[in-house]
Amino acid sequence: MENPIIEIKKELIEWIKNLDDLETIQSLLELKNADETAITVSDEQAEYAVKDDFDERFARGMTSKEFRRRIIQHIDSLPWEK
């Protein structure tokens, strides 16, 4: 079984080979260049180290009492049938 993406790519290649409309070709070039720019930007961002701020986020988190209060409040707000 052949990959459906390969079939779609082949169809697109044939369509582009037979394309004579300059505006459509220009649009395709712009799309291609935009895609290359996005890849370049993401590669540069990959060089930055990820800050490990787990302890800070954990300290800002809610306490067990606050968690229980919110759970009870949520359960009480549900539309229970009586």
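Worth knowing before you read on, the calculation uses all heavy atoms, side chains too, and leaves out hydrogens, waters and symmetry mates.
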message = Atom CD of residue position Glu23 - does it have more than 12 heavy atoms of other residues, nucleotides or ligands inside 6.0 Å?
response = no
inquiry  = For Glu56, give me all partners under salt bridge (charged side-chain N to carboxylate O under 4.0 Å, His left out), at least two apart in sequence or on another chain.
reply    = Lys51
task = Give a yes or no on whether Ile13 and Leu29 share a hydrophobic cluster (residues Ile, Leu, Val, Met, Phe, Trp, Tyr; joining criterion: side-chain heavy atoms under 4.5 Å apart).
result = no
inquiry  = Testing the basics here: between Thr24 and Trp15, what is the closest heavy-atom pair and its distance to 0.1 Å?
reply    = CG2-CH2, 3.8 Å
inquiry  = With a 6.0 Å cut-off (strictly less than), is the heavy-atom count around CD1 of Ile5, excluding the residue itself, greater than 12?
reply    = no
task = Salt-bridge test for Glu14 and Lys10: reply yes if a basic N is under 4.0 Å from a carboxylate O, no otherwise.
result = no
key: Residues clustering with Phe54 (ILVMFWY side chains joined when closer than 4.5 Å, directly or via others)   = Phe58
request  = Name all residues meeting the salt bridge (charged side-chain N to carboxylate O under 4.0 Å, His left out) criterion together with Asp21; count only those two or more places apart in sequence or in a different chain, and write none if there are none.
outcome  = none
ask   = Quick one: salt bridge (charged side-chain N to carboxylate O under 4.0 Å, His left out) partners of Lys9, sequence neighbours excluded?
value = none
message = Using the rule that Ile, Leu, Val, Met, Phe, Trp and Tyr join whenever any side-chain heavy atoms are under 4.5 Å apart, tell me whether Leu22 and Ile16 fall into a single cluster.
response = no
key: Spatial distance of atom NE2 (His74) from atom CG (Asp76) [nearest 0.5 Å]   = 10.5 Å
query = Excluding sequence neighbours, so at least two apart, what forms side-chain contact (heavy atoms from CB on, under 4.5 Å) with Gln73?
reply = Arg69
ask   = Applying the 4.5 Å side-chain criterion to the ILVMFWY set and letting contacts propagate, would Ile71 and Leu78 be lumped into a single cluster?
value = yes
ask   = Tracing side-chain links under 4.5 Å among I, L, V, M, F, W and Y, which residues wind up in one group with Leu31?
value = none
